[in-house]
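Order of the sequence lines fixes the chain letters, A, B, ..., with proteins taken first and strands second; residue numbering starts at 1 for each chain.
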There are 2 protein chains.
Amino acid sequence: MDCINSHDTVFKHLTKEQREMLNEQKSCKSYKKGSEIYQEGSRTNGLYCINEGIVKIYKTGIDGREQIIYFAKSGDIIGYRSILSGELACSSAKTIQDSTLCFIPGDMLISLIKNNGDFALDVLQQSCKELGEANSYITDIAQKTVRERLAEVLIKLKENFDIDENNELQISLTREELANIVGTATESVIRLLSEFKQDQLIDLKGRKIRLINIKKLEKISNAFG
Amino acid sequence: MDCINSHDTVFKHLTKEQREMLNEQKSCKSYKKGSEIYQEGSRTNGLYCINEGIVKIYKTGIDGREQIIYFAKSGDIIGYRSILSGELACSSAKTIQDSTLCFIPGDMLISLIKNNGDFALDVLQQSCKELGEANSYITDIAQKTVRERLAEVLIKLKENFDIDENNELQISLTREELANIVGTATESVIRLLSEFKQDQLIDLKGRKIRLINIKKLEKISNAFG
DNA sequence: CGTGTCGTTGATCCTCGTCAAACGTTGTGG
DNA sequence: CCACAACGTTTGACGAGGATCAACGACACG
């Protein structure tokens, strides 16, 4: 995907000139699976748009345990928060697949926001959406059981990432990563996945997870309304 | 506080004309303690700036249990997220003291963002800061114990709200509200507060909480670095 | 003086985190 | 190419943290 020229990204309202300027200033790069893009606590002086691949955004907590906040995929932008809030990065970013990312300098971002109101609104929309999701996440973790949250995570992975014709999630995560999304121990994830499998809700083949009974999973995840 | 003319709010970079326009369009109102400002799931067609008082921002989860996301105080703006993300409100807002709030129509907000790049940046800064805090919150709830989180909440209340010369928190919260910030049961908060009192970390007089040993509380809360 | 809300305490139960051990898989270097 | 290390997955056993339920006291308010 060519983020900057796509009509599906935050850059959709740029003028032709702005696009050209951006194309000049950006620098794209390939990253192997597992590469650090930026680190919590560092000063990021630009943002990245994801051309291809998946990047996990996470914080490091107690004992260095990861808490995964979300996954960014093709067309998403990451790393912009710290520039705009004027704080240090509050999270780290690491590729979980081979990926291609474009770097855009921070002053370019600021200048675009100042000079293009529609772009400013699009960036605001992006950050406000993330904020809404974060708020839901807080409530979920605070109130739902691990079982409910795991079911929810599976549903969300299905909604946000590719799935093949058999409802098999194409995103490949370790059990530990799943645990770090849900906010629980690796062993708990393993046990619950086995349960789900026994209950014919999912099927497991190594890291491949196939969703069989989505309705039931939603019911488990839901607890709300 | 006169939010719109203060140099300490998101409105600091408005032009004189914009201030005047805003002052015409805004409508200020007093609210009794416990008044609903807006409700989760509703369409807010404007934002509120808080002139005086404290507003709790919360989501309603399982069994209608509240999860308090944060408290907004004098000078803060609330309700802008839903306008900018184009979604329904993801949280509810209710005053916990008698308060005065000014309402500013949504199209006014949009027009200011489009026409004043510095204002757009200030709003972005606001939303990005909230986003950073939300991310920390997620990690905390997922990884810390209730004890650690309660200590942390006490510290944060001290930092964000008035405190008298005796380190007594001036914000008055019910035990249930405290529990709904920490994300636990009311009984757990009560038990832990008693423990903290026994350990000479705090003193309790009804809803008044006086912090005695802040260093120790920080140590308990911390767990991180 | 009842009624409702809030705070407190005790008893009990269960979810989930932790520790330990075993096994499969992947990767690396000699 | 094999040996070994390092890592990921799985299962079992155990215990602690914290949720839930129940009962009662404190207090304000009409």
Side-chain angles (χ1 to χ4, degrees), chain A residues 32-34 56 61-68 94 96-98 139-153 171-198 202-209 220-221 223, chain B residues 32-34 56 61-68 94 96 139-153 169 171-198 202-210 220-221 223:
Chain A
K32 283 271 162 213
K33 169 178 173 173
K56 78 173 161 188
I62 306 165
D63 297 330
R65 215 176 97 203
E66 276 179 17
Q67 177 62 41
I68 297 179
K94 187 184 271 190
I96 64 163
Q97 302 179 351
D98 294 351
T139 310
D140 281 357
I141 296 192
Q143 299 197 0
K144 289 186 179 179
T145 64
V146 172
R147 182 189 177 80
E148 289 160 356
R149 267 143 55 201
L150 179 60
E152 184 175 13
V153 165
I171 184 175
S172 171
L173 299 172
T174 65
R175 301 292 191 249
E176 188 180 6
E177 279 170 333
L178 269 173
N180 291 343
I181 311 171
V182 173
T184 187
T186 309
E187 296 92 329
S188 298
V189 164
I190 290 170
R191 275 182 248 272
L192 287 168
L193 283 179
S194 307
E195 264 190 48
F196 286 170
K197 184 180 176 180
Q198 273 203 330
I202 62 172
D203 200 17
L204 297 171
K205 260 184 212 142
R207 293 195 187 156
K208 290 292 179 192
I209 301 176
I220 293 175
S221 86
Chain B
K32 284 269 163 216
K33 170 178 172 172
K56 80 173 161 190
I62 306 163
D63 296 329
R65 215 176 97 203
E66 275 180 18
Q67 177 63 41
I68 297 179
K94 187 184 274 188
I96 64 162
T139 311
D140 280 357
I141 298 191
Q143 299 197 0
K144 288 186 179 178
T145 64
V146 171
R147 183 189 176 79
E148 289 161 356
R149 267 142 55 201
L150 179 59
E152 184 175 15
V153 164
L169 299 177
I171 183 175
S172 171
L173 299 171
T174 64
R175 301 292 192 250
E176 188 180 8
E177 279 170 332
L178 269 174
N180 291 343
I181 311 171
V182 175
T184 186
T186 310
E187 294 93 327
S188 299
V189 164
I190 290 170
R191 277 183 246 271
L192 286 168
L193 283 180
S194 307
E195 266 189 47
F196 286 170
K197 185 179 176 181
Q198 273 203 331
I202 62 172
D203 199 17
L204 298 171
K205 258 183 215 145
R207 294 195 186 153
K208 290 293 179 191
I209 301 175
R210 190 164 67 84
I220 292 174
S221 84

Between [X] and [Y], which heavy-atom pair has the shortest distance, and what is it?
{"X": "A:K144", "Y": "A:R149", "result": "O-NH1, 3.1 Å"}
{"X": "A:E177", "Y": "A:I96", "result": "OE2-CG2, 3.9 Å"}
{"X": "B:I141", "Y": "B:Q67", "result": "CD1-NE2, 4.4 Å"}

Between atom CD of B:E66 and atom CD of B:E176, what is the distance when rounded to the nearest 0.5 Å? 7.0 Å
Please round to the nearest 0.5 Å and tell me the distance separating atom CG of B:N180 and atom CD1 of B:I68. 5.0 Å
What is the distance from CG of A:L178 to C1' of D:dG8, rounded to the nearest Å? 13 Å
What is the distance, rounded to the nearest whole Å, between atom CZ of B:R149 and atom C1' of D:dA19? 13 Å
When you measure from every atom of DNA chain C, which of residues 188-198 of chain A have a heavy atom less than 4.0 Å away? A:S188, A:R191
Using C1' atoms of five pairs at each end, report the bend of the helix from C:dC1-D:dG30 to C:dG30-D:dC1 rounded to 10 degrees. 40°
Picking from B:T174, B:L173, B:L169, what satisfies side chain to side chain contact (heavy atoms under 4.5 Å, CB included) with B:R207? B:T174
Examine D:dC7: is either OP1 or OP2 under 4.0 Å from a nitrogen or oxygen in the side chain of A:R175? Give yes or no. no
Could you write nucleotides 22-30 of chain D as a row of B, S and -, 5' to 3', where a protein heavy atom under 4.0 Å of any base atom gives B, of only sugar-phosphate atoms gives S, and otherwise -? B--------
Would you indicate what B:T186 reaches in the nucleic acid, counting non-hydrogen atoms under 4.0 angstrom: base, sugar-phosphate, or nothing? nothing
Classify the nucleic acid contact of B:R207 as base, sugar-phosphate or nothing, counting any heavy atom under 4.0 Å across all strands shown. sugar-phosphate
Segment of DNA chain C, first to last nucleotide, that comes within the 4.0 Å heavy-atom reach of chain B: C:dC6 to C:dA11
Which atom pairs, one a donor and one an acceptor, fall under 3.5 Å between side chains of residues 182-198 of chain A and the rest of the protein, sequence neighbours left out?
unit_1	atom_1	unit_2	atom_2	d
A:S194	OG	A:I190	O	2.9
A:E195	OE1	A:R147	NH1	2.5

For A:K205, what residues pass the side-chain contact (heavy atoms from CB on, under 4.5 Å) criterion, not counting sequence neighbours? A:K208
